[in-house]
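One structure below.
In what follows, chains carry the letters A, B, and so on, assigned in the order in which the sequence lines appear, proteins first and then strands, with residues in each chain numbered from 1.
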Amino acid sequence: MAITKEIIQYIAMLARLQLDEKEEDNMVSDISRIISYFDKLKELDTSNIDAMEFLSMDEDVFDKALRDDAVGESYDREELLHPEEKKGSEYFTVPRVVE
Amino acid sequence: MKLHEYTIRQLHELISKKEVSVPELTRHMLDRIDRLDSNLECYITVTEEQAMEQAENVQKLIDDGTLNSPLAGIPMAIKDNICTRGIPTTCASKMLGNFVPPYDAHVVKKLCDNGAILLGKLNMDEFAMGSSTESSYFKKTKNPWDTQRVPGGSSGGSAAAVAAGEAIYALGSDTGGSIRQPASFCGCVGLKPTYGLVSRFGLVAYASSLDQIGPLAKTVADCALVLNAIAGHDPMDLTSSRRQRPDFTKALINDVKGMKIGIPREFIADNVQKDVRDAVLNAVKVFSSLGAECEEISIPIMEYVVPTYYIIALAEASSNLARYDGVKFGYRAANPKDMLDFCMRSRSEGFGTEVKRRILLGTYVLSSGYYDAYYKKALKARALITREFNKVFEKYDIIIGPVSPTTAYRIGEKINDPVQMYMEDIFTVPVNIVGLPAISIPCGLDGNSLPIGLQIIANRFGESTLIRAAYTFEQNTDFHKARPSIAE
């Protein structure tokens, strides 16, 4: 399927990205070319393949168990807050979301 | 020989015999960075004060006998997507330009425990998205062999710093070739470990099922020493393997007799630059003459590895990079109208073009209506690719081929052709898709005197086999001794 300007605008909205006119045009042409390259995969017969097979092969290797619910290292609140937050702030500030 | 020309092993000996002090060595490296880096631009941050302070401390610990790690006192540098407590970690992005991590990555902690001296943080492609280090928001790193050319990427700063003697070794990260390809372009050794061998805790996520941290150094032995320090289980990374880590230096054995080596014909096809192909075929001869059994094999699924890789990597990237909304850390847009405007403008002003392109592609392949056709299809292809590589390793110990179809190209030459750039990752991405370990080692110079990298790939957790093969090649050839004139 052809990648149109409308599709780019739609995914940009989903991805929370704002593109200017020129960026939009460039993305239409770049992404069209890349997606048609991705389409090569359609030639490959993947019937009867479980999409999760790759993960299940590693079952014996990777630690799937949850770790113990124990108190661990904690961080200093001030260090974790955004550098633009006011000194002594106890929370992250965002624009008003309710009237 | 000057201090920066030595390997980790040699410097360890000099430090042990008190022929050089850690502060003296660190000062030498910092002076070198000061002299060379305005031209090469490997570093985003140089931590001069901390480095000298660390050097004094480590020297004391060595003197009183509490520290005798082979890495103690050796100056190194770290790719700027690996978190360092109190030291900016920018991912070469405007988005993280103001980010100072409140914690150290697991690998950083491990290196510090071993007495490593951190010289600074190294340039890279923005969020590790690229193969030339040209997408960095801050600077363009030059290849020490020819400053008109790219160092490769995304760990371009790491490879260039090691090649130019601006660090004794470096850490990079490899999602689709980002350690091996720059190591190849800059003529150093770069090792991408098995997925799960090295903890990703504190590595800024790009594509979590593909990312691995690994070393870049002058020799195979140096890589083994660094890998010894950083590998091993970490409960903070759910995908970290619980296997007992072997001593990788025990694999530094100069012998490949009877080793079975597969050379996929897809790796030496017409799309490979002639000098590169010749160097790889010459390496095959070297292995054969040393008693290895080399055979041409075929991995027909190779023609599907690049689209499979990019669909999975970009899908994961679009999800991982959703966290950059301006709220908790990173770039914040000024004077937002409302929450949506705040989020959208923070992201749009904070990310560069390549990152936006990859987020959009990833969002597209995950979006309703396209998910099955692209993302799910790529997962199935990943299973098939894994099956094919598993089959090869039933019969062969290692696979060898080039790292990249070309040697280092000119700055600006390929930046406007993303499809071409993606396609050149063909020999490195299958390793990440399957989770295999692989190494890039120097195997010659092309007609322009630019380094060529030989890639050796082993089975999962087969690092010891990988290191043994690479070490044997290195011990029986002189390619790794070639240095760019700038490194003198």
Given L14(A), I8(A), I11(A), the one that forms side-chain contact (heavy atoms from CB on, under 4.5 Å) with Y364(B) = I11(A)
key: Heavy-atom side-chain proximity of E53(A) to L384(B) below 4.5 angstrom   = no
ask   = Shortest non-hydrogen contact from L314(B) to F38(A)?
value = CD1-CZ, 4.4 Å
inquiry  = How long is the straight-line distance from CZ of F342(B) back to OG1 of T93(A), given to the nearest 0.5 Å?
reply    = 8.5 Å
key: A15(A) backbone acceptor or donor facing R347(B) side chain under 3.5 Å   = yes
request  = Check K377(B), R382(B), K380(B) against T46(A) for a side chain to side chain donor-acceptor pair (under 3.5 Å) and give me the one that passes.
outcome  = K377(B)
key: Chi angles and distances behind the side-chain contact (heavy atoms from CB on, under 4.5 Å) call for E73(A), Y103(B)   = CA-CA 11 Å; E73(A) 189 190 353; Y103(B) 62 94; 5.9 Å; no
remark   = dist E84(A):CD -> Y331(B):OH (nearest 0.5 Å) comes out at 8.5 Å
remark   = d(E303(B) CD, E43(A) CD) to nearest 0.5 Å is 6.0 Å
ask   = chain A: which of S209(B), P307(B), P418(B) shares the most heavy-atom pairs with it under 4.5 Å?
value = P307(B)
inquiry  = Which heavy atom of F329(B) sits nearest to which heavy atom of H82(A), and what is that distance?
reply    = CA-CD2, 3.3 Å
Option among I7(A), I34(A), L19(A) that satisfies the side-chain contact (heavy atoms from CB on, under 4.5 Å) test with L360(B) = L19(A)
key: Electrostatic pair D325(B)-R16(A), nearest N-O below 4.0 angstrom   = no
message = Side chains of K356(B) and N26(A), heavy atoms from C-beta outward: is any pair under 4.5 Å?
response = no
message = More than 12 heavy atoms of other residues, nucleotides or ligands under 6.0 Å from NZ of K376(B): yes or no?
response = no
ask   = For the residue pair R357(B) and D30(A), what are the closest heavy atoms and their distance?
value = NH1-OD2, 2.5 Å
Contact class of D45(A) relative to chain B, heavy atoms under 4.5 angstrom = backbone
request  = Please assess E79(A) against V100(B) for the test side-chain contact (heavy atoms from CB on, under 4.5 Å), listing each intermediate value before the final yes or no.
outcome  = CA-CA 9 Å; E79(A) 225 181 334; V100(B) 180; over 6 Å; no
inquiry  = Could you measure the distance from the CG atom of L17(A) to the SG atom of C343(B)? Nearest 0.5 Å is fine.
reply    = 8.5 Å
Contacting region of S318(B) [heavy-atom separation from chain A under 4.5 Å] = neither
note = In short, S348(B) meets Q18(A) closest at the heavy-atom pair OG-N, 2.6 Å
task = Working to the nearest 0.5 Å, report the span between OH of Y37(A) and OH of Y422(B).
result = 11.5 Å
request  = Would you mind telling me which of I31(A), V94(A), L44(A) has the largest number of heavy-atom pairs within less than 4.5 Å of chain B?
outcome  = L44(A)
query = So what's closer than 4.5 Å to chain B heavy atoms on Y75(A): side chain, backbone, both or neither?
reply = side chain
query = Taking all atoms of both residues into account, what is the closest heavy-atom pair of M13(A) and L340(B), and its distance?
reply = CE-CD2, 3.7 Å
remark   = Shortest non-hydrogen pair, L379(B) vs A51(A), comes out as CB-O, 3.6 Å
